[in-house]
Amino acid sequence: MNGTVAEYLYILSIVFFVISLKWMSEVKTSRYGNWIAASGMAVAIGATLLAYQIQRVDLLVGAVVVGTVIGMPIALRVPMTAIPQRTAVSHAFGSLAVALVGTAEYYQRLPNIDLPTLTVLSAEMILGYLTFMGSCIAFAKLQGLIPGRPFSFGRRNFLSLTTLGIAVALAVYLIANPTHSFIVPVMALFAVLFGFLLVMGIGGADMPTVIAILNSYAGMSAAALGFVLDNQILIVAGALDGSSGFILAMIMSKAMNRSFTNVLFGGVGAPVAAVTPEPSAAGRTVQAFTVEDVASALENAKTVVFVPGYGMAVAQAQHVVKEVADMLQVSGTDVKYAIHPVAGRMPGHMNVLLAEAQVPYDELWEMDKINPLFPETDVAIVVGANDVTNPAARTRPDSPLYGMPILNVDRARTVVFIKRSMAPGFAGVENELFYLPNTMMVFGDAKKVLTDLVAAMKK
Ligand code: NAP
């Protein structure tokens with residue numbers, strides 16, 4: 001009886017998960033998507049308790065309390081800019097849990113473990129352990145605990161693929177000799193080593209994509225465990241997690257004009273000795289402007305496009321951006337926001353920040369739609385963005401950014417760059433836009449500069 005009720009509850013939670021994915025794909029409904037996903041998870045946990053008649057409820061309650069006490073403050077305090085590394089931590093814990101449950105299942109089922117179960121368990125353990133280590137390294141890179149640049153040496157890709165090959169070979173040996181349990185820790189060690197080498201070799205700028213890929217691995221290993229445990233909800237939730245992580249990684253790679261192989265094995269972000277200095281930069285100076293100069297430029301502007309980037313998130317300048325936009329709109333200026341798919345440090349980063357500042361959704365323009373409008377734009381105000389505007393992506397085949405679609409702000413009549421210094425963006429590449437005659441550089445923290453601009457505009 002309990003089992004039947006649990007089956008229905010599982011179906012309900014699956015429906016909730018599917019609806020949540022649909023709602024989360026639209027900014028307007030994303031909050032509801034989050035809530036319904038959490039409700040789906042609560043229903044799934046309740047159904048599992050019901051179905052399996054858990055005996056040691058005390059242990060379970062203890063685990064929930066410890067998890068809540070640690071997780072709640074982290075979730076409440078973590079700044080928006082640190083969401084990618086927080087996600088990496090979740091994946092590390094999730095995949096470690098899945099790998100450990102898989103390992104425990106193996107030892108528990110010995111010596112009567114059938115071939116299909118052992119095959120799935122081996123795949124699940126390899127995926128789980130490699131995702132665990134890969135996520136830990138992704139966290140350490142994004143948090144700045146270890147250098148973000150790719151760790152590369154001569155035959156790194158060969159070594160990491162050999163490590164994976166050994167882990168798979170050990171799995172095959174284990175499947176052929178199920179009782180040789182000493183293989184399991186060795187196989188786990190090689191999977192961990194592969195996760196380490198794989199992610200150490202990837203540059204910090206590619207970490208969010210890597211996290212999406214690891215997300216997909218974690219989902220696949222959870223789905224595999226679902227088959228072993230004969231648990232439908234784990235299969236479906238794992239498959240949804242795995243496929244959504246994979247799709248997200250594809251969308252991000254496409255936005256950067258990169259292939260998966262290039263993200264995983266390209267070592268992008270390493271110091272590139274062969275790159276020649278920017279010809280535009282040599283012997284040229286940059287012109288710094290004041291907020292009063294920008295206010296005058298805006299006075300006559302009929303069309304203004306804001307181009308937000310990572311610096312806007314760091315400065316938390318989204319509210320004052322909206323304030324400037326409101327003032328411009330009151331005086332009849334047409335205002336739009338140009339959203340690059342990989343601006344900031346996570347997918348949808350700019351959408352979330354601008355939504356928080358109550359910017360209407362219809363003022364947000366995606367890259368493909370806004371790019372043709374730049375030649376008719378009087379002023380493009382770049383707020384803490386850099387790489388996503390860098391023309392080297394179009395013009396310099398030796399640049400690490402080459403091929404990435406960018407926002408063509410250089411085609412606007414005037415470009416205002418608000419940033420603190422001449423420092424490059426995440427990819428570490430100089431931006432020749434800073435030296436163009438129609439560029440106004442305004443140095444300072446984005447929030448401070450824009451607050452001063454509001455004051456100057458009021459005058
Ligand atoms: P970016 O190229 O990293 O540049 C951000 C700029 O903001 C920096 O040049 C910095 O210059 C400035 N800045 C930092 N703090 C600031 C502050 N308080 N006030 C004003 N300016 C400040 O950022 P982006 O143009 O948004 O490009 C995103 C990069 O991340 C791309 O390379 C993209 O490929 C990568 N990435 C993003 C994602 C994603 O999902 N969004 C995923 C993977 C990779 P100063 O230090 O001089 O101020």
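These numbers come from the heavy atoms of this one structure, side chains and all, not from hydrogens, waters or symmetry mates. Both ligands and their constituent atoms are indexed starting at 1 by order of listing.
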Any nitrogen or oxygen of [X] lying under 3.5 Å from a nitrogen or oxygen in ligand 1? Just yes or no.
X      : answer
Val314 : no
Val342 : yes
Ala343 : yes

Proximity winner for [atom], if only heavy atoms of [options] are counted:
atom                    : options                        : value
atom 12 (C) of ligand 1 : Pro341, Gly309, Gly311         : Gly311
atom 9 (O) of ligand 1  : Ile211, Asn386, Thr209         : Asn386
atom 7 (O) of ligand 1  : Ser253, Gly384, Ala385, Gly348 : Gly384
atom 27 (O) of ligand 1 : Val382, Val429, Val388, Leu248 : Val388
atom 48 (O) of ligand 1 : Met441, Arg420, Met350, Lys448 : Arg420

Would you mind running through ligand 1 and noting each atom that sits below 4.0 Å from a heavy atom of [X]?
X      : answer
Ala423 : 9 (O), 46 (O), 47 (O)
Gly425 : 1 (P), 2 (O), 3 (O), 4 (O), 9 (O)
Pro424 : 9 (O)

Please check this pair: side chain of [X] against backbone of [Y], looking for a donor-acceptor N/O pair closer than 3.5 Å.
X      : Y      : value
Thr29  : Trp23  : yes
Asn371 : Ile406 : yes
His319 : Lys447 : no
Lys141 : Ile202 : yes
Asp445 : Lys448 : yes
Thr290 : Asp293 : yes

| query | Are any of the heavy atoms in His349 under 4.0 Å away from ligand 1? | reply |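 Not so, His349 does not reach ligand 1.
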| Contacts of type side-chain hydrogen bond (donor to acceptor under 3.5 Å, both in side chains), residue Ser90, not counting sequence neighbours |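 So Ser90 forms a side-chain hydrogen bond (donor to acceptor under 3.5 Å, both in side chains) with Arg86.
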| query | Residues two or more places apart in sequence or in another chain: which of them pass side-chain hydrogen bond (donor to acceptor under 3.5 Å, both in side chains) with Asn215? | reply | His91, Asp241
| task | Between Met252 and ligand 1, find which residue part has any heavy-atom pair under 4.0 Å and reply side chain, backbone, both or neither. | result |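 Just the side chain.
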| query | Which is it for Ala317 and ligand 1 at heavy atoms under 4.0 Å: side chain, backbone, both or neither? | reply |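 Answer for Ala317: neither.
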